[in-house]
Amino acid sequence: MPSSLDPVTRDLWHVIAATDELPVGMVETTLLLDTRLALTRGSDGAPVVWLRSDEEAGDEIDPETILERLPVKTAYGYVWTSLGTPQSELFPIPEFAEPDRVNMSCGSIGIHVSAPRAVENFLDMGHFPYVHTDILGSEPHTEVKEYDVEVSEERDEVLATKCRFMQPRAALSASGSIEVEYVYRVPHPFCSVLYKSCPEDETRRDVIGIFLQPMTEERCRAHLLQSMIDSTNSITELRRFQQTIFGQDKPILENQYPKKLPLDPRAETPIRADKSAIAYRRWLSQKGITYGVIPQAG
Amino acid sequence: MPLSLTDPHWYPIASSDDLPFRHVYQGQLLGRELAVWRADDGNVNVWENRCLHRGVRLSIGINEGQELKCQYHGWRYANRSAGCTYIPAHPADAPARRIENRKYPVREAFGLVWSAANAELPFAPFPGAEAADWIALRPMPVNAAPEDVAAALARLAPDDQPAEMLSELVVRLAPVTWFVQPVDSTRAVIRGLHAGRPEAPLTVLRHYNEMLTRLRDRLERAAARKPQPAPLQPVFEQVSVDLATMPDIAVPRGNTIPVVVKRKWQSADAIMGFELAARDGHLPTFQPGAHIDVHLPNGMTRQYSITNGPGELLSYVIGVKQESTSTGGSQVLVERVREGDVLAISEPRNNFPLRRDATRTVLIAGGIGITPLLSMARFLDKSGLPYELHYFTRLGEQVAFRSELEVLHGRVEFHTGLPREASSARIAEILGEYSFAQHVYVCGPASMLETVRATAAARNWPDEAVHFEYFKNDKIIDNSTAFDVELARSAMTLHVPAGKTILEAMRQAGLSVPSSCEQGACGTCLCGVIEGEVDHQDVYLNESEKRANTAILTCVSRAKGDRLVLDI
Ligand code: FES
């Protein structure tokens with residue numbers, strides 16, 4: 001285990017797989033915080049996760065025989081585990097339980113960058129016109145208007161509100177440019193949830209979650225959740241849309257250098273548009289997170 | 001000798017051929033990655049391969065000829081200075097802070113591009129460099145320690161003709177001089193220079209290529225058997241505190257820079273061109289629309305717009321109008337200043353920022369007002385953005401900078417000698433109906449500014465889309481209030497009575513404070529505000545800067561309450 005694994009990170013719940021994709025009675029393998037894990041699903045559907053020794057992916061296994069198990073939780077379509085002693089609850093996304101929503105996991109993408117860098121990219125609106133040209137943004141709409149950021153003490157999360165951005169095609173169900181309003185939450189050091197105005201129903205908001213599985217300090221897997229109000233598009237189409245977006249972020253993220261997120265405010269040059277990123281970096285620093293980041297000296 | 005991050009020696013990092021125009025090459029030296037690119041003026045830039053904003057490699061950026069554009073958020077950096085010229089997320093803020101990428105020294109010679117980890121040693125050609133014409137051979141990257149690579153090269157020499165070690169990492173085996181580029185403690189690139197043009201170049205090139213391939217395979221096999229030294233860990237320099245603390249606006253502090261009058265010429269009747277060159281190296285980055293304060297021999301200061309295009313930082317070109325009625329200012333420049341004279345100028349300042357994401361950009365100039373718009377047109381031109389430039393001149397007046405305007409690719413129209421009504425009608429036609437993301441920039445006589453402003457308003461152009469350059473503040477200044485100012489750094493409290501400015505009060509108290517226009521237009525007397533609410537009366541700060549309440553122009557603005565604390 002790397003020396004930079006701090007107790008906070010060790011005790012967190014971490015996402016490791018999409019629940020549906022986990023085969024029953026067959027071994028899957030993955031990496032979490034530089035630790036090799038093996039997982040499977042019992043006949044009752046419940047996932048089982050343990051420290052991998054000589055198991056290989058695809059081996060058949062009787063889950064009953066696994067005695068030393070890691071804690072497991074299923075939530076938002078994904079399997080979560082922890083290498084330490086996690087809190088009983090995972091952060092809430094109440095919308096997920098609303099009966100008329102389409103909830104879907106949108107696949108998992110490996111990215112060669114630290115999880116916090118990927119979270120920061122998710123919070124960032126300034127790159128929309130350049131990286132997601134003609135989908136989430138376009139020139140001439142490059143300006144990032146003032147928005148509010150707070151670190152909510154009571155909920156222990158970073159919250160950015162009143163984020164507005166002109167988008168040519170904010171969602172699959174959008175036709176033409178609209179100004180979308182966003183709310184970003186970072187309720188977990190490696191997870192973020194985004195609420196955006198829903199083209200189909202003005203009174204409600206679409207929800208997109210990104211859960212990052214820190215594999216090593218410089219590599220992660222992004223697991224996506226969509227919880228949408230969309231009656232016209234198929235799940236496949238909705239998935240493909242999010243995957244396109246992510247595919248565009250990947251090469252940029254992998255060219256970010258250093259790959260770990262520097263927490264020292266003097267490591268890079270923030271502008272007003274980066275307020276939420278600054279709050280996020282500070283929050284990680286205050287929590288004492290050292291995994292996947294370059295901590296502030298002194 | 002182990003490699004060191006601070007090794008000051010010059011090493012080849014690329015072949016000249018690696019740097020075609022409009023391309024960014026990723027170089028490596030001593031554990032660092034470099035973004036290497038050639039600007040359209042031929043200048044080669046060697047920068048740290050990271051955008052200062054969020055660390056993305058600049059080698060995936062876009063080389064626009066005189067500027068490099070980062071792919072992540074579109075920040076642009078200038079040729080030569082590596083200074084940031086545009087921040088799309090906040091187009092009006094870009095000039096506020098001096099953001100500069102880290103640069104490395106560079107020299108192009110003998111078909112290779114050379115650089116060093118620092119500028120401690122001047123570039124010196126290798127022994128015997130001048131004795132031949134050199135042809136660069138195809139480079140060969142090798143995963144082995146640079147010193148092992150050099151030693152292996154030396155061992156290639158036949159017994160009767162031992163290799164000459166020109167230095168630790170330079171080996172001569174005539175007719176080729178081999179340079180080992182230290183990429184990292186375990187990686188190197190072999191670069192060879194062949195003296196003179198061989199008779200059958202292809203055969204020769206192939207011969208060396210095969211030889212190096214064999215050498216590489218041998219070296220890599222040997223390296224795999226040896227313990228590997230740790231890779232070099234480059235240190236990323238921190239950005240300065242004021243860049244990291246994200247102020248709403250930064251307060252520029254006036255430094256002056258000496259420049260030499262390199263050329264002075266008549267650009268049109270009554271308009272003189274002046275080329276002001278850096279004494280050595282280059283001048284600071286500027287944005288299109290920026291101006292400098294020129295300190296004149298008679299003690300006065302005047303503002304002139306920079307007409308240069310992007311990345312042209314070896315000198316600034318300004319245009320000066322000879323006014324028969326002018327008292328002092330420009331007259332002194334025109335009559336007394338000669339080529340070869342040295343003048344002091346301020347760093348460039350910009351209260352006329354250009355957006356570079358418009359769907360239509362209209363530039364309207366009248367007379368000498370062409371100067372900032374010429375610069376804007378050149379920037380838009382280089383980036384291939386659509387624009388039109390309309391230049392109005394009076395009858396008998398001549399077009400200044402005509403040859404510079406004629407080489408532009410946008411729509412450039414000259415309108416000469418139109419009577420007043422006709423020019424208003426023409427302006428109305430030019431503006432047309434407003435639609436989103438159109439911007440008009442105008443600089444010229446006050447009457448023209450008014451016409452454009454009124455016409456634009458009548459055609460539904462919003463204020464944010466109509467941009468003026470103010471060299472004058474026409475507002476009526478209300479100086480009826482009285483209040484106290486506390487000068488935090490000078491530990492003084494002054495009373496400012498009605499009818500007197502803060503600037504005057506400070507001068508009376510014996511402080512020397514810079515100023516220039518003294519009407520709230522040029523920004524020279526700007527200072528930081530620590531406490532108290534400002535009654536802004538200037539035209540220099542924009543609305544959001546005024547709202548931020550962190551800076552004040554002491555020549556016109558006052559306090560709303562009875563006390564202000566200034567950072568001076
Ligand atoms: S990282 Fe280069 S502009 Fe943001």
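Labels below follow one simple rule: chain letters A, B, ... track the order of the sequence lines, proteins then strands, and each chain is numbered from 1.
Pairing each heavy atom of Thr142(A) with each of Pro88(B), the nearest pair is OG1-O, 3.2 Å. When every heavy atom of Arg54(B) is checked against every heavy atom of Gln256(A), the shortest pair comes out as O-NE2, 2.9 Å.
Remark: His53(B) NE2 to Ile271(A) CD1 distance equals 4.5 Å, nearest 0.5 Å. Atom CZ of Arg57(B) is separated from atom CD of Glu254(A) by 10.0 Å, given to the nearest 0.5 angstrom. To the nearest 0.5 Å, the span separating OG1 on Thr269(A) from CD on Glu100(B) amounts to 11.5 Å.
Options Ala437(B), Gly74(B), Ala358(B), Ser59(B) differ in how many heavy-atom pairs under 4.5 Å they form with chain A, and the most are formed by Gly74(B). Considering only heavy-atom pairs separated by less than 4.5 Å from chain A, the leading option among Cys70(B), Cys51(B), Ala89(B) is Ala89(B). The residue among Leu253(A), Asp124(A), Asp264(A), Val131(A) with the most heavy atom pairs within less than 4.5 Å of chain B is Asp124(A).
Of the two parts of Arg356(B), only the backbone, made up of N, CA, C and O, holds a non-hydrogen atom closer than 4.5 Å to a non-hydrogen atom of chain A. In this structure, chain A has a heavy atom under 4.5 Å from the side chain of Arg50(B), while its backbone stays farther away. Within the 4.5 angstrom heavy-atom criterion, atoms from both the backbone and the side chain of Pro258(A) approach chain B.
Formation of a donor-acceptor pair under 3.5 Å by the Glu143(A) side chain with backbone atoms of Pro91(B) is not found in this model.
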Exercise. Passes side chain to side chain contact (heavy atoms under 4.5 Å, CB included), Tyr72(B) versus Asn255(A)? Steps please.
Worked result: CA-CA 10 Å; Tyr72(B) 200 1; Asn255(A) 274 296; over 6 Å; no
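Remark: Lys287(A) NZ is packed, more than 12 non-hydrogen atoms of other residues, nucleotides or ligands lying under 6.0 Å away. The number of heavy atoms from other shown groups lying within 6.0 Å of CD (Glu433(B)) is above 12. Heavy atoms of other residues, nucleotides or ligands lying less than 6.0 angstrom from CZ of Arg240(A) number 12 at most.
By the 30° and 60° cut-offs, the orientation of the rings of His73(B) relative to His127(A) is perpendicular.
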